[in-house]
Participant: 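Just passing along the structure, written as structure tokens.
As the structure is a computational prediction, the values presented were derived from the model and not from experiment. All values below were derived from every heavy atom in this structure, side-chain atoms included, with hydrogens, water molecules and symmetry-related copies excluded. Chain identifiers are assigned alphabetically (A, B, ...) following the order of the sequence lines, protein sequences preceding nucleic acid strands; residue numbering begins at 1 within each chain.
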Amino acid sequence: MTVIARRLAGHLARGLVMVLVVTTISFVIIRNIPGDPIAARYEKLIEQGMSPDQAERATAVLYGFMPKGTLWQQYVDYMTGLFTLDLGESLMTPGAQVTDVLFEATKWTVLPVLVGTLLSFLIGVMMGVYAAIKRSGKLGDVLAVSGSLLHGIPQYVLALLLGALFTTLIPILPSGGTADIMFEPGFNLDYIGSLIEHATLPVLTYALASYGGWILAMKSSVVTVLGDDFILAAELRGMKRGIIFRYIARNAILPLFTILALSLGLLFGGAIFIERIFNYPGLGLMLIDSITNRDFALMGGAFLLITVAIIIANIVADMLYTVIDPRVRSGEEVAR
Amino acid sequence: MSDMNPAVALPGNTRATLRRNFWRGVWRVLKRKPSRMAGAIIVLAFAFMGVFGPMFYPDQLPRDDNALYAPPSWAHPFGTDFEGTDVLALVITGSQYVLLTGLVTAVITIVLGTGIGLFAGFRRGRWDSVLMRITDMKLTIPGLPLLLVLSTIWKFSSAWEMGLVLGLLGWGGVARAVRSQTLSLRERGFIEAARGLGLSTTHIIGRELLPSMAPFIAMNMLIAVTGAVYAQVGLFFLGVLPFEANNWGVMLNLAVFGGGALTTTAALPYLLAPLLAILLLTLGIVLVVDAMDEIFNPRLREE
Amino acid sequence: MITGTGITKTYKQRGNVLSGREVKALRGVDFSIEKGGAVSFIGESGCGKTTLGRIIAGLETHDGGEIVIDGVPMSSLKPRKREPYFRRIQLIHQDPYSALNPTRTVHQTLAAPLALRARRTGRPGSWMDERAEELLALVGLDPGYVLPRYPHQLSGGMRQRVVIARALTVDPEMLVADEATSMIDVSLRLGILSLLKDLRERLGVSVLFITHDVATARYIGEGGDLYVIYRGQVVERGQVETIIENPVHPYTQSLLSAIPVLHGLEKPGEQPVVPTAALDESKTDDGCLFARRCPFSTDRCASEVPSLAVTGAFPQEHSCFYPERRSVVATPLEAA
Amino acid sequence: GGGNTGNSSGGGVYTTIDALKPGLDVNAPINPYNPKGNAFRGYNSMWLGWTKNHMTDPNQFYPGIAASWDIAPDQSSITLKLHPNNKWSDGKPVTAEDVRVSIGLAYTQGGTAYALDPKAAGAASDIEVIDPQTIKITQAADNPSVTFVRGIMETIIVPAHIWGSLLPADFWDKVKTARTDGPEAEAARKTITDLAPKVLAFGPKEDVSAGPFKLERMNPGEALLVKNKNFYNAAKVAPDQVKILNYNGNEQVWGYLTAGKLDNSPFTAVPADVMKRIAAAPGNAVVRGYSPVGNSLAFNQSKKPYDNVHVRRGLAHLINREQVTKVASPEGGTASVTTSGMHQKPAAEWLGAAGLNSLEPYKGGAAKAEEEFKKAGLKKVDGKWNLADGKPWKLTINVPAPFSDWLAGAKAVTSQLNDAGVAAEVVTTADYPLYLEELAAGKYDVGMWLVALGPAPYNIYQRLYGTQNGWQLLAGQLKHVPAGKEGNWMGGPETIEVDGEKINPGELTHKLNSVTGEEQKKIISQLAKAANQDLPVIQLWDYVNTQFVNTNRFTGFPENESDMLRLTSGVWIQLGLVKKK
Amino acid sequence: MTVETMPKAVPPVPSKTAPGVRVGGLSVVYKTSAGELPAIAGINLDLVPGTITGVVGESGSGKSTLALSLLNAVQPPGRIAAGSVEIDGLGDVVALRGEDLRKARGRHIGYVFQAAQNSLNPLKTVGKQLLDLGRSHGVSDLRALVREAKELLGRMGMDGARVLDSHQHELSGGMRQRVGIMLALVLNAHLVVLDEPTTALDMITQATILRIIREVHEERGLTTLVITHDLGVVAEVADRLAVMYGGRIVEQGPTREVLGGPRHPYTRGLLRAIPRLVGDIDEARALPGRPPTLGTVPREGCVFRERCPLRMDVCDTVEPLAIADGPRIVACHAVDAAAAKETKA
Ligand SMILES: Nc1ncnc2c1ncn2[C@@H]1O[C@H](COP(=O)(O)OP(=O)(O)OP(=O)(O)O)[C@@H](O)[C@H]1O
Ligand SMILES: Nc1ncnc2c1ncn2[C@@H]1O[C@H](COP(=O)(O)OP(=O)(O)OP(=O)(O)O)[C@@H](O)[C@H]1O
Ligand SMILES: [Mg+2]
Ligand SMILES: [Mg+2]
């Protein structure tokens, strides 16, 4: 137990430093983005038919929401805010707390990411085992190559293909939005059905995009374990197939949990294409929006969130390993 | 260099022979599986397209006002774009930028990643921890969002610049992996022996370590090429990078956001052409990567 | 030629500062090896033989004590300056499979250090090839066959010979052979052993032989010293033959007792010594380190630390309070 | 399962998008002042009156909160009568006090008529509640403007019983003080403007609307509004519910339209084939109307060779606007007949046929262009035009990457120019804010620029002869700053010779603010000629307000060219136009 | 601790339970890029019930392949190409399939793995793996199984309860090897195959393990096959000894007799190549040449002829037959010739 606690403490300390450094870096970068959001807003109003001077006055108010003071002062303000979990107010939606906006967007990223990843993890892992067992056969080859291919194809290509297929050629799925507003949100079939319908394309894309990786990882992991002596030993002891299978599966899946945790962390920032293509209102879309609107506070918040997610994922991955693998648990260094 | 490794007079042992043997081995490895051959052909075809493709077309691609978003035909296998320009011509002429960026990125990624990983793993100790902390940091900063932000600061007007930035953002993973490989190779007898013999660090790294990591590096290089292609095409697709009519990503962007390829079928060929190009490139590289291990491992190569 | 006094080495298990676990690999070892002499280290697994060998070959740093090569204390030199001294001491690895770079032909392997030498001494390029062939012939290989080959095309014994040839490229004054034959086929082992023996006799190269097999130590270190090492300490030291015939330390005796008897050719010694417990390095001991396993230990052994010295009527140095001659070694059956 | 046919009885659900607020934001307050606030104009957010889409007169309105209005002949004051039985959705009556508080809030936000600067033109000086249904607003006498009335009518009206607390007790005294001179006034102005962020961020828990609808709930993709039974014209409001769909890009609207989901969609750029598909969806119809906006290629005249009017003219001759429009905006635009700084339609009204015909149409093609380029001293070598000093000439058009019609248009222009031997390329900028900043900083030679923004002629010409071209209005005084300074990126000359007369287009534009009638006409004619001859921009296409309606569920939508088309369909509904089918 | 027990001069009386094993004409081939190559060819070997048979041979001589064949467990790409393995009470193992084969493994034949270090699932405690084993073989009384295991471990000088509660990484090499032996015996198998049981262990531990093997063998009445490359190890424990070379058994016989009077030139060379602790150092001689690998084993003739000092013409073409002479069997043309001469004389 002490090993776990000690490891965790170390991780957290390092994670905190990392957050501070990354936040500082992103702060500096973000605050140096050129482009005046208020001028852009002004042009938008003009386009919408507002008279120039009226538009000017309407946008002038927004200056109240711009960060104030020198860059250094802004940094101090930002960091002190950070320690009280106050990330400031959104510029484009004055009055909305960045934390609230982030929370709302995160919901819609986490939902399909989690479902999509878990789905692909389950299927990928199963197919990976299969591909490993049949690795010398045709089917194994097909599984492996299709896995590599899917793994290699960028998300947006998949998203575009699926989009073209299901919204243009056979238009059966909605693109965009989270659920039909006519249905009262809550645990009712209509609402959940609508939720699922809207999430299908993003989830499918996530699932397909990560499926290849899982099948490959699981395959190579199983192949490694299959070569391990203890499997042959178990066989030679006349263990039941089921038990041997469990031995293989448990040992093979162990390293995958680490990857799973890491990929979940990474997907927070990697959902941009899918959300943009399917207009799914998650973090990615929000991030693009915040950049085009020069919503500094929101951008900073998004970066922070993504960074923290990655760091936490790293910690979780390592701790998971610590908890699951008895070798690490007892404080032994295990080569991974 | 020649005094370091003289073109030895021993029969059948000259460097030229070694090289010849190497290529013969590569050929054997490729021949072993038809899929690898296909992969190699695809990759070579792309390389050819990148280098010579633009030569087949005039600087200004012809347009046809009467055939905007024309459907596929013999004249236009993938139809035409919003201006009536042949989509295939766009894909072919656009490959240069895309592939060059990929190459530049891959080179920078590999050079930096390998360099840093080697240095950290070889020096160990304080250098190692400092470099790895930096690498961790780099890996923690979300890449795509950062690129989005950077693209507002920077204008990636040339393939070199684009490749440079992607390379600078991409070395982290390679550095980590190279470091751990270096650490484990370091413990191998032959590295230790080389040190014991007083061979220079340059020799140890260049002649002993690097060749042992060659398959890994080559694999990463190929993967970095695809990664870079994806990243930049993606950025162009999101519309944050400078316009270039024949850039694959711009084509995707215009097909979807300008031509309504996700709404109607007219712009679909315009969308599919660059998508297919990317898919094919991926396929080629995936198939070739499969052979890397065997190509660089003399034992597997010569079997 | 090389002497060491009070060499200590402690390994800190990697991990964070909090969880550092220490392994005392060497606890103050003295040794001295003459030019052209032969010395053997024997001992149980993990007793520190390899560590000591690597320290002597300059591949590992030690944290206490002093190594003197040709009268020059190494601690007085900057690390860079030590290199030429240590280059004269070449290590032959236990594992000939990993000791050769799989991506380089034998020719390339030999050419690199030879080229360096040729450059330093201003010899022509052709000298290298001659020298390479010469060395291969010296270790009993056919240069024409071996030179263009990759390591995987050679057998274990051939590889080990190449390794030795490579060590000889720098005209070393001493070879440190760390279990140099344990991974080689039985029928080939003796070939390597006699090669080393031969090199010692013909070239005057001193040989430090590290092994857990006393018989090979006897074979190669004929007339030389034998160091029996236990948990990082020398417990008995003297002429090989003396110790084999008259071991006085119970640890040495138990090592010798453990040697399998070729029933049919030999009959076992009459007073075999079997340790009363297995090695457990995690136990920290006061007094004699072997006391806990020693069948003859007394209270004194558990509290008082014996020192390595010549006592009683025995010619060799030992560190036992109760040295006693026991018949542990098998003796040949009278030829039938 | 779409909700169109969903659980609605009676009036049914009316589905639309709000072009004024593309990205719905569930975190935004229900606040019409907030850029992303969940108050939808015409639905649950009301103005005093709704400006008609008239080509020459900006002071025509449909009733909003005000049922009728009396404008003093010299526009010195306006007296508003509210609807007698209008109530907020929570049952409280809509009164003059609501209007007064809303005006107070407008002061904090700096609405046109509510400038605190005593020298500002067209500002309200006195607000007088005559009775609960009547309120009179008087314009400050020292700097009257024709924009005053419109400024008043466009005031957003919010319920005093919810928003009143935002204004401190001495607010109106502060306003009085602020409209004077001196340090005290300065302090008062500061107190008032300091309220601005608070007002902007204020978010009532629940929607209290005086519009035909009130916000019921929303999610990130959609907002649901339900009918406000207390609305004065509730009887004639056809739909029971309004669903406003979120969109992040045009392609999403295309999707809604091809699925026949939208009862109405305001202007959205649509590619030709998508248009076909939209038209094919049952019930869909296209309504086209006037939009004052035009798109143009603007020059930075500080850069060579664009300082030379002949170069600009030559380029204008070279560009085939029909072809450009066909590529860039086939459905949402018509090629500009000529370039006058105005949209073709009001131009015809202001200038008359004779006036129009006297303008150079720039249709000379390559021959004319060659002539002009030669005049500018450009040289043609190997079929390529080089600069006067022999250096190669590369024309770079900058556009913001997200605007795909601009991009396509610019690309089409460069293709044409390249064909004619002018090396040209398109360079994009990552996004609009950056584009604007770099444009203003004078980093571009040539860029895309919206012109002819109505409805008032002053607004139209301000795009050509305003801040971007060096004319700044500071404390009521017009001054001209040199090229390259303070946002003057067009860098045009301060005076232009038109019909042998030197005119100062900036001054003339400013004058449009306060003159009426014939004088106004004369100035416009001068400016049109100036723009036509001097070509600070080359107009490419005039936008057409192309809207989509679906008549499957509702009817009574405005016809082509209706003056309602620039108002949201919320206004059509509240005025009782839209009928249930 | 007890002093080393010496092998008794007379082989122990075969117990009732100990099965006999008769390997007949066994050949195993591996599929390689050069086609199917034999790793062992035509092996005949009898395991006398209740004895320890030792098999020595160098790396690649086919020892592990032989051991695995006894369980019909040759791993792909290898397969048993010919021959039979008759085990008393089981019949021909080569013919066994599926569940029958599985049940035979572990229950009837205990196998101690070459790399016993790694023969345990790293994620599970020894105890849990023991239970898995019990369940696999339908042991109803798992408690009794655990008791039996503890007893066995105790017998081998370990704290049974602690060991069962440990993960593989918490045990030393010697302990793991003992656990391996325990798992091979706990189901009461009476035929035990040990493949290189002491290879990675140091001298003192090796001695302990060998002693345990001997003791357990006697106590439980087993038939044991010990495979090793170390002549010393077989000499120490085995009653009978078989020497393998290039996939063939070139010589077999009672240990003492073979060591005391080796007949096959390979056995002789091997014995001479081992440096001894006592006696004349200079007598030791290396064998010339090098052992064959799968690809270099001669297709016909004697596999040892390349390195043989007694090579004759016939060796190039005719594979020598294994000729029995009392308990001793040798496959060598030269020995045959000498014997023929002797009988003639
Ligand atoms: N790099 C290292 N890090 C930590 N501990 C080490 C390291 N190298 C050796 N040790 C420890 O030091 C002790 C001595 O190791 P060493 O390798 O010298 O033993 P040895 O006598 O050569 O054993 P063997 O016979 O198994 O080769 C062992 O306990 C070992 O675990
Ligand atoms: N999976 C395999 N594929 C191909 N050849 C194999 C395979 N396994 C073993 N062989 C070959 O079969 C021969 C016998 O192998 P085996 O493992 O039985 O030898 P061994 O005597 O046990 O050697 P070691 O002492 O190294 O364990 C060797 O030449 C080996 O190369
Ligand atoms: Mg060692
Ligand atoms: Mg084996």
Side-chain angles (χ1 to χ4, degrees), chain B residues 58-71 79-85 90 147-158 235-247 249-271, chain D residues 248-259 269-278 280 320 322-324 326-330 396-412 414-419 423-431 433-435 437-438 443:
Chain B
D59 269 3
Q60 293 299 321
L61 292 175
R63 308 179 311 276
D64 182 356
D65 285 347
N66 299 317
L68 308 185
Y69 293 121
T80 61
D81 74 347
F82 63 97
E83 241 192 330
T85 306
L90 289 170
L147 271 172
L148 286 180
V149 169
L150 282 183
S151 62
T152 62
I153 299 179
W154 221 312
K155 290 234 168 101
F156 303 101
S157 34
S158 76
L235 288 174
F236 278 103
F237 166 67
L238 287 179
V240 297
L241 292 187
F243 175 80
E244 198 74 60
N246 59 4
N247 183 287
V250 170
M251 294 171 73
L252 292 178
N253 177 294
L254 291 178
V256 174
F257 303 125
L262 291 187
T263 316
T264 77
T265 48
L268 216 48
Y270 184 34
L271 173 76
Chain D
N248 301 294
N250 288 345
E251 80 282 1
Q252 219 174 335
V253 182
W254 305 338
Y256 297 148
L257 284 170
T258 49
V270 169
D273 196 69
V274 175
M275 191 65 166
K276 271 187 229 144
R277 229 176 122 163
I278 293 174
N320 176 347
E322 272 78 29
Q323 199 266 345
V324 171
K326 184 174 170 189
V327 168
S329 189
T396 304
I397 304 178
N398 289 87
V399 281
F403 297 179
S404 54
D405 57 334
W406 288 20
L407 189 56
K411 179 67 184 49
T414 56
S415 298
Q416 291 176 0
L417 294 180
N418 278 313
D419 289 349
E425 61 168 4
V426 180
V427 167
T428 56
T429 302
D431 57 19
L434 185 59
Y435 178 78
E437 181 168 300
E438 297 197 327
K443 288 193 181 162

Participant: The criterion is side-chain hydrogen bond (donor to acceptor under 3.5 Å, both in side chains); which residues satisfy it with B:N247, sequence neighbours excluded?
Facilitator: none
Participant: Could you tell me if the side chain of B:F237 sits less than 4.5 Å from the side chain of B:V256, heavy atoms only?
Facilitator: yes
Participant: Checking D:D431 against chain B: side chain, backbone, both or neither under 4.5 Å from a heavy atom?
Facilitator: side chain
Participant: Ignoring hydrogens and geometry, is there a side-chain-to-backbone donor-acceptor pair from D:E425 to D:I397 under 3.5 Å?
Facilitator: no
Participant: Taking every heavy-atom pair that is under 4.5 Å apart, which of B:A267, B:A261, B:G239 has the most such pairs with chain D?
Facilitator: B:G239
Participant: Given side chains that start at C-beta, do those of B:F82 and B:L254 come closer than 4.5 Å, heavy atoms only?
Facilitator: yes
Participant: Using heavy-atom distances under 4.5 Å, tell me whether D:N398 contacts chain B through its side chain, its backbone, both, or neither.
Facilitator: neither
Participant: With only heavy atoms counted, which part of D:T258 is less than 4.5 Å from chain B, the side chain, the backbone, both or neither?
Facilitator: side chain
Participant: Please identify, among D:V399, D:V426, D:V427, D:N250, the residue contributing the most non-hydrogen atom pairs under 4.5 Å to chain B.
Facilitator: D:V426
Participant: Could you check, using the six-membered ring where one of them is a Trp, whether D:F403 and B:F257 have ring centers closer than 6.0 angstrom?
Facilitator: no
Participant: Pick from D:L257, D:V270, D:I278, D:D419: which one has the most heavy-atom pairs with chain B under 4.5 Å?
Facilitator: D:D419
Participant: Identify which part of D:E322 has an atom lying under 4.5 Å from any heavy atom of chain B, answering side chain, backbone, both or neither.
Facilitator: neither
Participant: Backbone N or O of B:G249 within a donor-acceptor pair of the B:N253 side chain at under 3.5 Å?
Facilitator: no
Participant: Identify which of D:P271, D:P433, D:S415 forms the greatest number of heavy-atom pairs closer than 4.5 Å to chain B.
Facilitator: D:S415
